[in-house]
Amino acid sequence: MKITVLGGCGAWPAAGQACNGYLVEQEGFHLLIDPGYAVLPRLLEVLDAAEVDAVLVSHGHPDHCADLHPLLRARALSDAPPAALPVYTLPGAVDAVLALDGSGSLRGAYEVRAFEAGDGFDLGPFHVGSWLLPHWVPNAGLRLSAGGSVLAYTGDSGPSESLVELARGADVFLAEATYPTRVPGDAAPYLSSALDTGVTAARAGVGRLLLTHWWPGTDLALPEAAARRAFDGPVEVARPGLSVELPG
């Protein structure tokens with residue numbers, strides 16, 4: 001399994017950056033996870049839009065799904081439109097994005113395959129497990145298994161014991177870390193810090209920690225240092241262009 005980071009900003013894309021977006025490859029299958037703001041141009045640097053085999057969305061905030069719309073346009077308006085793109089998502093999470101062109105404009109370009117957080121299902125060569133995690137809107141933590149490798153991804157989440165279950169023994173833990181050490185009070189139930197994430201990574205015994213969803217303008221040395229206070233394994237910030245080959 002290979003993961004390529006397309007973007008890692010939370011909320012909005014900083015200059016020259018993109019929001020959440022991750023290309024996961026296995027056996028020639030290309031899965032796009034969370035196509036947030038500005039992810040499509042990054043994706044097109046490494047893959048043609050028609051080559052995306054499926055999209056998986058953790059939740060409906062636009063920094064995790066807004067660029068599904070231009071991706072579908074790039075496919076539907078091409079000279080040789082590919083088959084409908086399977087979009088795996090929580091019920092209703094991408095309805096607003098799909099409605100941007102009006103009724104029927106992208107008909108045939110996608111097929112929504114809704115799942116409930118807590119479901120497990122097969123997606124191409126991957127088996128996907130999901131957990132409902134605390135956020136302002138329903139958010140699914142995602143655990144992808146294939147070829148003996150495991151990638152665990154939080155989407156966005158506040159504190160939850162389910163995070164340890166989601167991440168347990170994962171080769172790579174791709175985890176939201178919006179703030180380095182402390183989440184402001186009003187957001188504390190719904191977001192995590194890099195220090196929180198380091199604690200979870202240590203408890204779950206993960207192989208490698210990738211920090212993502214940082215606040216635009218953050219000095220990225222700060223969340224990395226904070227996570228290292230709690231987790232003594234490999235820690236990196238999920239910068240655009242970073243590629244990781246998972247063992248297995």
Side-chain angles (χ1 to χ4, degrees), residues 7-14 19-22 33-37 56-66 88-97 114-120 128-143 151-168 170 172-206 209-220 222-231 235 237-238:
C9 283
W12 75 92
C19 285
N20 299 269
Y22 316 97
I33 300 179
D34 276 9
Y37 293 125
L56 177 59
V57 175
S58 65
H59 67 286
H61 278 158
D63 55 334
H64 291 257
C65 66
Y88 294 79
T89 176
L90 298 176
V94 297
D95 286 0
V97 171
F115 65 93
E116 298 286 348
D119 288 350
V128 181
S130 65
W131 282 257
L132 181 63
L133 298 176
H135 196 46
W136 283 282
V137 299
N139 171 68
L142 302 166
R143 183 181 174 98
L151 166 67
Y153 171 51
T154 64
D156 294 346
S157 175
S160 172
E161 281 298 311
S162 295
L163 287 165
V164 176
E165 183 182 358
L166 165 71
R168 190 164 315 276
V172 171
F173 184 35
L174 177 62
E176 178 251 315
T178 304
Y179 299 92
T181 58
R182 188 183 68 84
V183 180
D186 59 342
Y190 309 114
L191 293 172
S192 295
S193 70
L195 180 58
D196 296 332
T197 296
V199 170
T200 299
R203 291 181 61 199
V206 307
L209 175 59
L210 294 183
L211 304 170
T212 193
H213 197 266
W214 62 84
W215 200 253
T218 298
D219 177 351
L220 297 184
L222 298 178
E224 185 172 331
R228 290 184 186 279
R229 287 165 52 184
F231 178 62
V235 178
V237 172

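Counting from 1, the numbers follow the sequence of the chain as shown.
Using a distance-only test at 3.5 Å, with no hydrogens or angles considered, a donor-acceptor pair links the side chain of D34 to the main chain of S58. Although no hydrogens or angles enter the test, the distance criterion places no donor-acceptor pair under 3.5 Å between the side chain of E176 and the main chain of L191. At distances below 3.5 Å, not a single donor-acceptor pair connects side-chain atoms of R203 with backbone N or O atoms of L163. With hydrogens and angles ignored, the 3.5 Å screen pairs no side-chain donor or acceptor of S193 with any backbone N or O of V183. Formation of a donor-acceptor pair under 3.5 Å by the H135 side chain with backbone atoms of Y190 is found in this model. Between the E116 side chain and the G118 main chain, no donor and acceptor come within less than 3.5 Å of each other.
Scanning both residues, T197 and A175, for their nearest heavy atoms gives CG2-CB, 3.2 Å. Residues A194 and P223 share a closest heavy-atom pair of CB-O, 3.2 Å. When every heavy atom of V57 is checked against every heavy atom of H64, the shortest pair comes out as CG1-O, 4.3 Å. Nearest heavy atoms, A238 versus L174: CB-CD1, 4.2 Å. Scanning all heavy atoms of the two residues, the minimum distance from A117 to W131 falls at CB-C, 4.0 Å. Here the closest non-hydrogen pair linking A202 and A230 is CB-O, 3.4 Å.
Two residues are said to be in side-chain contact when any heavy atoms from C-beta on lie closer than 4.5 Å; V137 and L90 fail this criterion. At a threshold of 4.5 Å between non-hydrogen side-chain atoms, the residues P134 and S160 count as touching. Contact of the F231 side chain with the V206 side chain is registered, since non-hydrogen atoms from C-beta on lie closer than 4.5 Å. The shortest distance between side-chain heavy atoms of H213 and D63 falls below 4.5 Å. Side-chain contact between V97 and P62 is absent, with no heavy atoms from C-beta onward closer than 4.5 Å.
Rounding to the nearest 0.5 Å gives a distance of 11.5 Å between CZ of R182 and CG of D196. To the nearest 0.5 Å, the span separating OG on S130 from CZ on R143 amounts to 12.5 Å. Here W215 contributes atom CH2 and Y179 contributes atom OH; the two are 5.0 Å apart, rounded to the nearest 0.5 Å. The distance from the OG1 atom of T200 to the CD atom of E161 is 8.5 Å, given to the nearest 0.5 Å.
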With side chain to side chain contact (heavy atoms under 4.5 Å, CB included) as the criterion, how do S162 and L133 come out once you've worked through the C-alpha distance, each side chain's angles and the decisive distance to 0.1 Å? CA-CA 7 Å; S162 295; L133 298 176; 3.8 Å; yes

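R228 CZ: more than 12 foreign heavy atoms inside a 6.0 Å radius.
Under the side-chain contact (heavy atoms from CB on, under 4.5 Å) rule, T212 has a single partner from T154, V237, N20, which is N20. Across L151, L211, L209, a single residue satisfies side-chain contact (heavy atoms from CB on, under 4.5 Å) together with F173, and that is L209.
Checking D156 against H61 by side-chain atom types alone, no donor-acceptor pair falls below 3.5 Å.
Taking the ring-ring contact (aromatic ring centres under 6.0 Å, His included) definition, one finds that Y153 meets it with Y22, sequence neighbours left out.
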